[in-house]
Every structure is written in structure tokens, then in C-alpha cells.
Participant: 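I'd like to ask some things about the structure below.
So you know, we letter chains A, B, ... as the sequences are listed, proteins then strands, and number each from 1. Just the heavy atoms: all of them, side chains too, but no hydrogens, waters or symmetry mates, feed the values below.
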Amino acid sequence: MAPRRPREPRESVRSRRRDPQLARSVKRQYGSALPFLTRTPKMLDPERLGDVLRRGPAVKEQVDAFRALDAERRALQHQLDAVRSQRNAANDGMARIADKKSDDFARMRDGLRALSTEVKEGEARLAELEAGARAKLLYLPNAPHASVPDGAGEQENRIVSVWGEKPTFAFAPKDHVDLGVGRGILDFERAAKMSGARFTVVMGKGAKLMRSLLAFMLDVHTERGYTEVWPPVLIKRHAMEGTGQLPKFEDDAFKTSAARPEDEYFLCPTAEVPLTNLHREEILEASALPIRYTAYTACFRAEAGAYGKDTRGMIRQHQFDKVEVVKFVRPETSYAELELLRGDAEEILRRLGLHYRVSLLCSGDLGFSSAKTYDLEVWLPGQDAFREISSCSNFEDFQARRAMIRYRPAPGEKARHVHTLNGSGLAIGRTLVAILEQYQDEDGTIRVPDALVPYTRFDRV
RNA sequence: GGAGGAGUGGCCGAGUGGUCGAAGGCGGCGGUCUUGAAAACCGUUGUGCGAGAGCACCGGGGGUUCGAAUCCCUCCUCCUCCGCCA
């Protein structure tokens, strides 16, 4: 990414828009009608319809309902334009009459009043149709890419590679709860005092290990070309819609309470949301792409419906920590970029020497917004299982349409939607869990991976 | 939190009810001139929808009016000062 021009202390707001990444700023304040509805979405193109339908039979109904509303909307739009045209012509006539008190003027005014009423009624009906079509579209998932295998759920994901080997132990390996509590670095009972279930207090060398992990991850990513970002974690509704967390998954999110609805915020569920929304409603310079960001944030998830799953330990928490990587790329490069991004996430695991495998999610396990996702699954000896530690996805133009993120392929050409990608790089809590379990010794102490020692300045917990 | 001020095209900036998608300047593009360049001069230059005629857009939304960039309400954003804080 090109370095941003340093800002003058008293620079005006408007000149600040002269950002080298921006071909042209798009002025559109939040809550406006239908930024992404301006053309038939690509996912509804006949050739891609088959792909959306792989999501399951319910999607067919959604598509049909959307198309019906959209056809109605287009018809009304045409009709309304014709009436508007009449009104505009009549209005020109009025403007040319010098004598505003003449009978002619009065007669024309009455005619115009009728036309205006008709236009207003049409606009009201059009707004309803648009809102209806938009609502339908917001609930429609992304189309799986052709390379995504069909399948109903997790069991049908495809393992595409395995890195490293299972560490062998001359003793029965403990899980991270026993290890962490045993070393005095994890405290679930005390966490419950202030926050209840599904929270962890990390203490002492454990806390330092967390801090070291996030610094280490950000350093690796920035060395590899990502720009480090420290974003807000209280998020407005429109931004959550932009990346696809809303409206469908509102129950999964925490939100603040506020006297006025417009003062309400959602707690960031992943840095994907603020990072992707950095460029919402912008037209980017083609030469600036790919744009790459990395950020550490705390992440908050209500995880409704996950009761009873992973109740022990710090695998599934209401609050966790994660370093995320996000890319904005040209559409034709997005699948190559996905492989690179996955490599960037894998790099962290490799440098930490953690045994893991890569899984390609099948259509039934694919997230709502994603066209293709790889999960990185780290080996947890204490659970005798691979567990997700990173999820790397190509969203194609799904988020770009919702958040109106475009680029201009060449000067003078029409703006196109970018493709967005993101991946965890990595979930910090789960990385700590993996280190505890894979690097444990028989006496319950834990060796610190070499790559982290420069950060922790101790080599054993 | 309190008190003021402001948001118009890539940028600056005019426009306080109709002929305004919007003067003028800068920048960009094309041309004339030039060995070449600069200067000067001429022309051109927003976005989206639509097959097209056409329609929409002056921060967002709503209202007044026959008619709104212009008047009113509201929200957002930014600026200045005060207070508080990290």
C-alpha cells in the first residue's frame, strides 16, 4: 500500500479527502437506501444461481421472492420516471409564465399539483418495494465457489494438507485447563466472579504470553506487507451489515443499550468488521490494490445456541482476542490472494512450531458471507483433536456490495466492486491453548516456543 | 457535557424559491502554437439507473410548496471555544 500523505495539523476536512488511495470519494451517509441494490447482484446471475442453490432448498424461495419484488420495483421505476418527466415539463412551463396571478398560471398550478401528488405516491410505493427487496437480499447468503465441495456439515469438509507431526508424550498429556490452572496462569473461577461463565482470567506468565503472542503475530504480518491498524471495537449497525454479521445473526452479537436507538453499538465480534469497513463507500485506486491490513482486537460473541459446547476451558468464550488480516483485491486475483492469505496465517503456526492441518469447508459448513473458506485446525493433545484456530475466506464481492467498496480499474472506466478476504492470524487464546498442550512436559511445565522467547524473555512456564 | 460555526462536482468556491446538474477558478483530458516543453488561447471534463426517450442525485432522512441546492425539522460528520477525562 502506498504511504498516506502526512496530515497537516490544521488541514480542512475536505482536503483530507485527497487521499492517494482514493480515486473519488463517495458521499453517502449511513442508512441510505440501497447501496448494493443498484444492479442485479452477481449471485443472482443465471450462471451463478446454481451455486447459491447449493446452500440448500430454502435459498430458492429467497431468490424467487427477491426476483418478484425486484421485477415489480423495476416496472414501477419506469412508470414513475414517465410521470416525473411529465411533471418536469409542466414545471418548466410554470417557470416561464411571468404573471403569477393569471388564470393560466392557476390552471397549470392545479395540473402540477395533481402530477406532484402522483409522483409522491409513486415514490412512496417505490421506497416500500426497495426496502422489501433490500431486506430479502440482506438475508441471502453468498454463492459457494465452484471449488467448494458439496456437503451437509463439518464431516464433509476436505482436509487439504497437514503440517508437522503430532507431538509424542511419554505420559498422558493434560488439557490446557489442568495445565493452566496447575501453573497458576488460567483462572476460570475468579473470572466468574466479575463476568460469569465463558470468561477467563489469564495471570502472570500466561498474561505475558498473550501479550507476546499478539505482538509476535502483528510483527510477522507487518513484515510481510500488512499495515497495522488499531480500530474501534464499538461498531454501528450499518458496518455490521456491511460485512454480513447483520441482519441475520443479530442474536450472536452483544450490543450496548442506549436511550436512543441511534446511540446503540455492537461489540466487535471480529476485527474483520472494522477493517473491512475502513473503505466502505469508497472508490479505490487500482494501483493501491491489494490493500492489506492487520489488527489485534478483543472480540465479543454472545454465541447464542452454542450452549453446552466447549463449556470447559477457554476454547469458546464471550470475549476473546484475535489478530486478523484483511485484504482488498482485484476480482481476478482474489483466489490467488486467498491462497497467499492462508499462507500468511499458516506462517504464524509454522513459526510457533504447532502441528496443524488445513481444511476446505464444504458448502454446508461455509459461513453466510463467504464464497470459499479454509479453516486452519491446530492439534490439541489434551482433547485428542484438531480444533479451528483460523478461518480464511474469500468473500468475493459480497461484502463489497453491501459496504459499497469499489475500485476504478483504469482512469475513465466504470468503478467495480473489489473482492474482500480475511483470515484469523491467529486466535490468540486458542494459540495459547495449543502451546500449553503441545509444549507441555511431564511435570506440568510448559516450554515457550523459540519464536516467542524474544518477546516473553522467559523460556518456560 | 455546554456554546457557536460549517458540509455544493477530483479540489477550491458561487448560488437564499422556478429557465440550476449547478457560475468562476484550479486540476485532468484533447487541440492550436512550438524542434520539444512552458506560457497563452480554444474545446472538453461528476455518478447511478435505463435499450432509448428519459429519470435520480448539491452530507443522510423527513417536511413546507404547484415548484427546494436555496425555507423548516431531524440525524450524521467536521471545525472553534469551554468543561471533563485517558
Participant: Return the polar atom pairs (N/O with N/O) between nucleotides 62-65 of chain B and the protein under 3.5 Å, or none.
Facilitator:
{"unit_1": "B:U65", "atom_1": "O4", "unit_2": "A:Lys120", "atom_2": "NZ", "d": "3.1"}

Participant: Given the P atoms of B:C12 and B:C79, what is the spacing between them in whole Å?
Facilitator: 15 Å
Participant: It should be established whether A:Arg109 places a side-chain nitrogen or oxygen under 4.0 Å from OP1 or OP2 of nucleotide B:G67.
Facilitator: no
Participant: Ignoring backbone atoms, test whether A:Ser85 places a side-chain nitrogen or oxygen under 4.0 Å from the OP1 or OP2 oxygen of B:A53.
Facilitator: no
Participant: Can you list every pair that meets side-chain hydrogen bond (donor to acceptor under 3.5 Å, both in side chains) and has a residue in residues 199-221 of chain A, with sequence neighbours left out?
Facilitator: A:Thr200-A:Gln317, A:Asp219-A:Tyr455
Participant: Rounded to whole Å, how long is the line connecting atom CZ of A:Arg84 with atom C1' of B:A53?
Facilitator: 16 Å
Participant: Using the P atom as the reference point in each nucleotide, state the distance between B:U34 and B:G48 in Å, no decimals.
Facilitator: 40 Å
Participant: When all nucleic acid strands are considered with a 4.0 Å heavy-atom cut-off, which category describes A:Asn91: base, sugar-phosphate, or nothing?
Facilitator: base
Participant: For A:Arg342, what residues pass the salt bridge (charged side-chain N to carboxylate O under 4.0 Å, His left out) criterion, not counting sequence neighbours?
Facilitator: A:Glu339, A:Glu346
Participant: What's the gap between B:G62 and B:G67 when it is taken at their P atoms, as a whole Å value?
Facilitator: 16 Å
Participant: Counting just side-chain N and O atoms, does A:Lys236 come under 4.0 Å of either OP1 or OP2 of B:C75?
Facilitator: no
Participant: Which nucleotide, in any strand shown, forms a Watson-Crick or G-U wobble pair with B:G83, with both distances under 3.5 Å?
Facilitator: none
Participant: Could you say whether A:His78 or A:Gln86 is positioned toward the 5' end of RNA chain B, judged by the nucleotide with the nearest heavy atom to each?
Facilitator: A:His78
Participant: Please confirm whether the shortest side-chain N or O distance from A:Arg87 to OP1 or OP2 of B:A56 is below 4.0 Å.
Facilitator: yes
Participant: Apply ring-ring contact (aromatic ring centres under 6.0 Å, His included) to A:Phe199 and list each qualifying residue two or more places apart in sequence or on a separate chain.
Facilitator: A:His318
Participant: Does one side chain, of A:Thr420 or A:Gln399, offer a donor that lies under 3.5 Å from an acceptor on the other?
Facilitator: yes
Participant: Using distance only, find each side-chain donor-acceptor pair of residues 422-436 of chain A under 3.5 Å and give its atom names and separation, not counting sequence neighbours.
Facilitator:
{"unit_1": "A:Asn422", "atom_1": "ND2", "unit_2": "A:Glu272", "atom_2": "OE1", "d": "3.4"}
{"unit_1": "A:Asn422", "atom_1": "ND2", "unit_2": "A:Glu272", "atom_2": "OE2", "d": "3.4"}
{"unit_1": "A:Ser424", "atom_1": "OG", "unit_2": "A:Ser391", "atom_2": "N", "d": "3.0"}
{"unit_1": "A:Arg430", "atom_1": "NE", "unit_2": "A:Ile315", "atom_2": "O", "d": "3.0"}
{"unit_1": "A:Arg430", "atom_1": "NH1", "unit_2": "A:Glu388", "atom_2": "O", "d": "2.8"}
{"unit_1": "A:Arg430", "atom_1": "NH2", "unit_2": "A:Ile315", "atom_2": "O", "d": "2.9"}
{"unit_1": "A:Thr431", "atom_1": "OG1", "unit_2": "A:Ala427", "atom_2": "O", "d": "2.6"}

Participant: On the nucleotide B:G54, are OP1 or OP2 found under 4.0 Å from the side-chain N or O atoms that A:Asn88 carries?
Facilitator: no
Participant: Please list, chain by chain and in numerical order, all residues satisfying salt bridge (charged side-chain N to carboxylate O under 4.0 Å, His left out) with A:Asp321, sequence neighbours excluded.
Facilitator: none
Participant: What distance, rounded to whole Å, do you find between the two C1' atoms, one in B:A22 and one in B:C75?
Facilitator: 26 Å
Participant: For the residue pair A:Tyr335 and A:Glu396, confirm or rule out a side-chain donor-acceptor distance under 3.5 Å.
Facilitator: yes
Participant: Expressed as a whole number of Å, how far does the P atom of B:U8 sit from that of B:G4?
Facilitator: 23 Å
